[in-house]
Amino acid sequence: MGEKWVLMKTAQTPTNIAVIKYRGKRDETLILPVNDSISVTLDPAHLCTTTTVAVSPAFQQDRMWLNGKEISLSGGRYQNCLREIRKRAREVEDKEKGIKIEKKDWEKLHLHIASYNNFPTAAGLASSAAGFACLVFALAKLMNVEEDESQLSAIARQGSGSACRSLFGGFVKWIMGKEEDGSDSLAVQLVDEKHWDDLFIVIAVVSSRQKETSSTSGMHESVETSLLLQHRAKEVVPKRTIQMEEAIKGRDFASFAKLTCADSNQFHAVCLDTSPPIFYMNDTSHRIISHVEKWNRSEGSPQVAYTFDAGPNAVLIARNRKAAAQLLQRLLFSFPPKSDTDLDSYIIGDKTILQDAGLEGMRDVEALSPPPENGSAQKYPGDVNYFICTRPGKGPILLSNENLALLDPETGLPK
Ligand code: DP6
């Protein structure tokens, strides 16, 4: 082996939002959950992580840069993912570049990793899910690992539980598994992203200070103190996952919405049942819930499902584009942007929905009329930072265009 070469791969991986939540671990090191969970993968065009991984005999140590800043890889979660993926590395040959790496060489070779989120980390959207999934997926490609996506998901799981569900597009189930070593705790795809093409997703990024309790430490407290968590894991989720799978496979929106909202509310009830109690939602979150509940009721059948993770942001899944357009009109009436924010930066992502909502080119949302079912018609300008419009999306992909790599192909350092 010459000493000069750098070999690299770049991958892009989506984030996901759970519709049946993961809350509670039975093993904190291996990250094994107390119940199954189900998620929808979000379109990577609007929310994703891009990661470049590189190997070279010139590298002195494993190093990683996240959003341009060097971070430590010494944490157990990174170390577990790196160790597991290195174990599975195989021979790699790049004839064009004259590079050959034997299986045994991988133990000695060091890695450089650069990762970038196309959405603000401070928005409180699950960046660790896309991040660990992308790290594991990119390394698997670089190291010519044979394992399939489900097997890789069991490695990504050891970085962050929810990451295992980001190895697939569409709707995904994380099977909790029974084995002590975690080998059967992995993700499987239920249906791909084309199966339920009507769905449209609007995320309200709600204004708040930095999140107070991390998902990881909060989860530990819930397992230790919440009786509701035990009841949920034993009695509620096993039945609910079966119903949810049926709703997804049959594209039954009424059932899907009912289960999604109920599970989000139970997850937050578990947080409240934790000692000391944890509050992830705020007044704006609660107002959004009551808007959606009122509207769904007035329509006679659900138009929109809501779900909230470990923070105040609302993820709203609309039955189709028409419902999403009406939802946006309603939300913009109650949660208009601050006077110095224009609509173009207030609604981001898939802006094609603006046309459907008759909002395209609109300068001022003052012209919107109040939703008929909303008695108080009060307005809360600035309580939502912005809306992201998106759809269910595809799973991880390898990017072949070298220009998209985050590391320099000569030096292996961030560009
Ligand atoms: C509320 O996957 O972030 O988003 O496994 O400790 O890294 P760790 O936790 P994490 O928890 C996510 C919890 C959730 C619900 C979910 O995604 O299922």
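Model, not experiment: these values are computed from the prediction. Read the numbers this way: they start at 1 and go in the same order the structure lists the ligands and their atoms.
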Less than 3.5 Å apart, N/O on ligand 1 and N/O on the protein: could you list those pairs with the distances?
{"from": "ligand 1", "atom 1": "2 (O)", "to": "Ser160", "atom 2": "OG", "distance (Å)": "3.1"}
{"from": "ligand 1", "atom 1": "2 (O)", "to": "Ser162", "atom 2": "N", "distance (Å)": "2.9"}
{"from": "ligand 1", "atom 1": "2 (O)", "to": "Ser162", "atom 2": "OG", "distance (Å)": "2.6"}
{"from": "ligand 1", "atom 1": "4 (O)", "to": "Asp309", "atom 2": "OD2", "distance (Å)": "3.2"}
{"from": "ligand 1", "atom 1": "5 (O)", "to": "Tyr22", "atom 2": "OH", "distance (Å)": "2.6"}
{"from": "ligand 1", "atom 1": "5 (O)", "to": "Gly161", "atom 2": "N", "distance (Å)": "2.7"}
{"from": "ligand 1", "atom 1": "6 (O)", "to": "Lys25", "atom 2": "NZ", "distance (Å)": "2.7"}
{"from": "ligand 1", "atom 1": "6 (O)", "to": "Arg77", "atom 2": "NH2", "distance (Å)": "3.0"}
{"from": "ligand 1", "atom 1": "6 (O)", "to": "Thr216", "atom 2": "OG1", "distance (Å)": "2.9"}
{"from": "ligand 1", "atom 1": "7 (O)", "to": "Arg77", "atom 2": "NH1", "distance (Å)": "2.7"}
{"from": "ligand 1", "atom 1": "7 (O)", "to": "Ser160", "atom 2": "OG", "distance (Å)": "2.6"}
{"from": "ligand 1", "atom 1": "11 (O)", "to": "Ser215", "atom 2": "OG", "distance (Å)": "3.3"}
{"from": "ligand 1", "atom 1": "17 (O)", "to": "Arg165", "atom 2": "NH2", "distance (Å)": "2.7"}
{"from": "ligand 1", "atom 1": "18 (O)", "to": "Tyr22", "atom 2": "N", "distance (Å)": "2.9"}
{"from": "ligand 1", "atom 1": "18 (O)", "to": "Arg165", "atom 2": "NH1", "distance (Å)": "3.0"}
{"from": "ligand 1", "atom 1": "18 (O)", "to": "Arg165", "atom 2": "NH2", "distance (Å)": "3.2"}

Report task. Would you please say whether a donor-acceptor pair under 3.5 Å links the side chains of Ser275 and Thr225? Result -> no

Query - Cationic N near anionic O, under 4.0 Å, Arg88 to Glu146 - result: no

Requested in this report: Examine distances only and state if a side-chain atom of Arg23 and a backbone atom of Cys271 form a donor-acceptor pair shorter than 3.5 Å.
Outcome: no

Query - Close aromatic pair by centroid cut-off 6.0 Å: Tyr280 and Phe308 - result: no

**Report entry** Beyond-backbone contact of Ile317 with Phe256, side-chain heavy atoms, under 4.5 angstrom
**Finding:** yes

Report task. Please name the pair of heavy atoms, one in Ile113 and one in Leu407, separated by the smallest distance, quoted to 0.1 Å. Result -> N-CD1, 4.4 Å

